[in-house]
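Contents: one structure, followed by commentary.
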Amino acid sequence: MTDPVPDHLPVFVASSPAGVTSDEYWGCVLSCLYAYKGLPPPDSDRDNLEILVAELASTTGPVVLVLDDIDVVDKAEEYVGRLLECGGSTRIIVTTRIAGGWRDFVDACPDRVMVTPDVLAFTEEEVRTFLRVSGVPQGHRVSRWIMRRTNGQPTLVSDVCRALTLGGVHASSDPIGFVDTVESMGMMEPAAAAAITNMMRLRSGGNFAEAAQVCDVLASETVSIPDGADDTGMHTRAFCYLQMGTSLLLDARLDDAADMLGRARIAGTGTVVGRAAADSLALTHAVRGTMIDPHLWADVEQQQHLPASEIPGIPAKTAGLVTSVIVALNRLDPDDALDKLIELGEAHEAEELWAFVLYAHGEYALLAGLHADGLRHVESEMRSFARLSSGIAGQLLDAVRADLNLALGRTDEAVRLVGGSSDPLTAAVRARICLLTGDFGGAEMIVHRYGADPRCPPRVSMELFVIGTAAACSQGRRSDARRHLSRAATVSRQTGMLRPFTSLFPSMTREVAELGVELPVDLVRIASEFATFRPSHRMVRLTPREREVLEALLSGSSVGMIAKAQFVSLNTVKTQLRSLYRKLGVHSRSDAIEAAQQVVLV
């Protein structure tokens, strides 16, 4: 498809039927060579291999012979060796399913290479390219799904493309039709009820990664439901998709979870399973930070008459309510969030989405200023459900507990919780720790590392851009601060989130507000209403000359020594000292030295 040897004459010789003689095969190769050169076939009684050798030896341009399935030829290695001796401009690609003596043949010459099926297999990117040039443009998740089911074997990928082309099916617009098409090819087997049960059992024990692995095995083998299936059949399919999507969500594979839950919602339309899938899908988007879809979903779904499910293995209304809490908090409406939390009640042992309930409680406590009460509640409940603190649950709970500790001024405890993490879900709180302790360079390093990372949810990215704004402002780099703030404003408009703007602490809100970037909120107002974080140490901005004077004081220099070292008068140094004392809030040299060790100098 991509013509990898454009300067060569490519001669492709297709596989010959069984029973042909060696002379007949080489005659076929010779005919193909003449056809590619635009010449009539030779008319001679000579051995076809000898004519082919002579023809290749007389050809001036480079030739690539592609001999497909050469298994039909006796002594193929010997004959190919003779062809390679015709000249350096001839290259030969041989495909065979019989090992024979090819390995020894290849090892005898450094210019020869043996390529195994594993190397020949498509990569995921090549599968995506193959789909596109075959006229079957599918998305990233579809190409990954096909890659997993075919192991990248080109023939199988080609069969999938052919079937999808004939069916006119596109996964994004017709996911069920896509699955049905691939099932009709025999590439899917009915999902085993025992495997679904095992997956649910693993989840209940907190083994989310293992449950997701079972899901991967089942992802392409879900129960096959023919067209016109009855309600029971569609309910079964939706139930399988829902269980798989829940497993992927708990393992923090949010994109895959959204895809699977979307299938469950479509297959279960009008049923309690479909409603549960819709709520879980909305929760997945809410955790990512895309507020518009969950907000609309909450409004529409709450108006429907479908009752909460009581079927084992299907979450009742927890996902929908937690989604509503997160949406309300991100819209800066803590009163509405509290109403939903009261309706949620307390988590119970059979609730798989328990961690999301606790996460919602912690996030509400942050916005409402109930930091100590929120932290006590979350940590008390975690002791009762310790086995479920893995996967996305562990990352979300670590992040909200670290933030609650930061709000209480317990920086060391926050560092203990997330300091060693590299997960994108904890990136914002790690950057916030750096910001609140005066490590502005460290904060910006995290912002640059994760802000554009595709694995980083939009919610975290927006928080990072706001934190990057504060870090750049603290270092006097207003152009960089404007760039970060503009990116935060863009994400806010795309997602509907406002909450990340409360990451700024009041002392720098006005400076950020004066950067000239149009924002969807009044920063000064929300800073006074929802002030959550404050610096661990008071910040003091010094001029370069004031900083030099302070450093000289810390090193033990007298006023005279400072004036001599800076080539200025004693009065100039005394003026700088008065300004320094005023900013530090002190009246003497000794007090200035002590205060300098307790503030963040910027």
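For the numbers below, each heavy atom of this structure counts, side chains included, while hydrogens, waters and symmetry mates do not. Numbers here simply count residues along the sequence, with the first being 1.
Rounded to the nearest 0.5 angstrom, Arg401 CZ and Leu358 CG are separated by 10.0 Å. To the nearest 0.5 Å, atom OG of residue Ser461 and atom CZ of residue Arg487 are 8.0 Å apart. Note that CG of Leu366 and CG of Asp403 are 5.5 Å apart. Values are rounded to the nearest 0.5 Å. Expressed to the nearest 0.5 Å, how far CZ of Phe356 lies from CG of Leu321 amounts to 14.5 Å. The distance from the CG atom of Leu254 to the CD1 atom of Ile392 is 4.5 Å, given to the nearest 0.5 Å. The distance from the CG atom of Asp412 to the CG atom of Leu417 is 11.5 Å, given to the nearest 0.5 Å.
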Just list the side-chain donor-acceptor pairs under 3.5 Å for residues 518-527, sequence neighbours left out, or say none.
| residue | atom | partner | partner atom | Å |
| --- | --- | --- | --- | --- |
| Asp522 | OD1 | Val524 | N | 3.1 |
| Asp522 | OD1 | Arg525 | N | 3.3 |
| Arg525 | NH1 | Glu529 | OE1 | 2.8 |

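In this structure a side-chain-to-backbone donor-acceptor pair under 3.5 Å is present from Ser555 to Ala552. Of the possible donor and acceptor atoms, one in the side chain of Thr490 sits under 3.5 Å from a partner among the backbone N and O of Ser486.
Judged as a side chain to side chain contact (heavy atoms under 4.5 Å, CB included), and not counting sequence neighbours, the contacts of Arg201 are Asn198. Looking at residues two or more places apart in sequence or on another chain, you find no side-chain hydrogen bond (donor to acceptor under 3.5 Å, both in side chains) involving Arg510. Partners of Asp336 under the side-chain hydrogen bond (donor to acceptor under 3.5 Å, both in side chains) rule, at least two apart in sequence or in another chain, are Lys340. Looking at residues two or more places apart in sequence or on another chain, you find no salt bridge (charged side-chain N to carboxylate O under 4.0 Å, His left out) involving Glu514. Partners of Gln213 by side-chain hydrogen bond (donor to acceptor under 3.5 Å, both in side chains), not counting sequence neighbours: none found. Residues passing the side chain to side chain contact (heavy atoms under 4.5 Å, CB included) test with Glu210 are Leu202, Asn207, sequence neighbours excluded. Not counting sequence neighbours, the partners of Ser421 by the side-chain hydrogen bond (donor to acceptor under 3.5 Å, both in side chains) test are Thr426. Glu551 is linked by a salt bridge (charged side-chain N to carboxylate O under 4.0 Å, His left out) to nothing, counting only residues two or more places apart in sequence or in another chain. Listed by chain and residue number, nothing satisfies the salt bridge (charged side-chain N to carboxylate O under 4.0 Å, His left out) test with Asp423 (two or more places apart in sequence, or in another chain). Considering only residues two or more places apart in sequence or on other chains, Arg589 meets the salt bridge (charged side-chain N to carboxylate O under 4.0 Å, His left out) condition with none of them.
No hydrogens or angles considered: a donor-acceptor pair under 3.5 Å links the side chains of Arg203 and Ser247.
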Check against side-chain contact (heavy atoms from CB on, under 4.5 Å), His361 and Glu381: CA-CA 11 Å; His361 275 282; Glu381 290 294 311; over 6 Å; no
Candidate pair Leu332 and Thr502, rule side-chain contact (heavy atoms from CB on, under 4.5 Å), full reasoning: CA-CA 9 Å; Leu332 300 180; Thr502 64; 3.9 Å; yes
side-chain contact (heavy atoms from CB on, under 4.5 Å) between Val418 and Ile433, intermediate numbers included: CA-CA 10 Å; Val418 298; Ile433 290 172; 3.8 Å; yes
Test salt bridge (charged side-chain N to carboxylate O under 4.0 Å, His left out) applied to Arg253 and Asp216, step by step: CA-CA 12 Å; Arg253 291 168 53 179; Asp216 287 337; 2.9 Å; yes
side-chain contact (heavy atoms from CB on, under 4.5 Å) between Leu553 and Leu577, worked out: CA-CA 10 Å; Leu553 289 179; Leu577 277 175; 3.6 Å; yes
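In this structure, Phe465 and Ser492 have side chains that are not in contact, with every pair of non-hydrogen atoms separated by 4.5 Å or more. The closest side-chain heavy-atom distance from Arg545 to Gln566 is below 4.5 Å. Taking 4.5 Å as the limit, every side-chain heavy atom of Leu353 sits out of range of all side-chain heavy atoms of Val322. Cys456 has its side chain within reach of Leu464: a pair of non-hydrogen atoms, C-beta onward, lies under 4.5 Å apart. Here the side chains of Phe530 and Pro334 are in contact, with some heavy-atom distance below 4.5 Å. Considering only heavy atoms from C-beta on, Asp259 comes within 4.5 Å of Arg263 through its side chain. Taking 4.5 Å as the limit, some side-chain heavy atom of Leu375 sits within range of a side-chain heavy atom of Asn405. In this structure, the side chains of Tyr241 and Arg265 stay at 4.5 Å or more apart for every pair of heavy atoms.
Here the shortest heavy-atom pairing between Asp251 and Ala209 reads OD1-CA, 3.4 Å. Contact record, Leu515 with Ala481: CD1-CB, 3.8 Å, taken as the closest heavy-atom pair. The shortest heavy-atom contact between Glu546 and Gln576 is CG-O, 4.4 Å. Between Thr323 and Ala286, the shortest heavy-atom contact is CG2-CB, 4.1 Å. Leu404 and Gly362 get closest at one heavy-atom pair: CD2-O, 4.0 Å.
Glu363 and Arg499 are joined by a salt bridge, as a carboxylate oxygen and a charged side-chain nitrogen come within less than 4.0 angstrom of each other. Salt-bridge annotation for Asp279 and Arg275: present, with a side-chain N of the basic residue lying under 4.0 Å from a carboxylate O of the acidic one. A salt bridge is absent between Glu444 and Arg449: the closest approach of a Lys/Arg side-chain nitrogen to an acidic carboxylate oxygen does not fall below 4.0 angstrom.
The ring-ring contact (aromatic ring centres under 6.0 Å, His included) contacts involving residues 468-493 comprise His448-His484, where partners must be two or more places apart or lie in separate chains.
The one candidate from Val491, Ile326, Leu425 that meets the side chain to side chain contact (heavy atoms under 4.5 Å, CB included) condition with Arg459 is Leu425.
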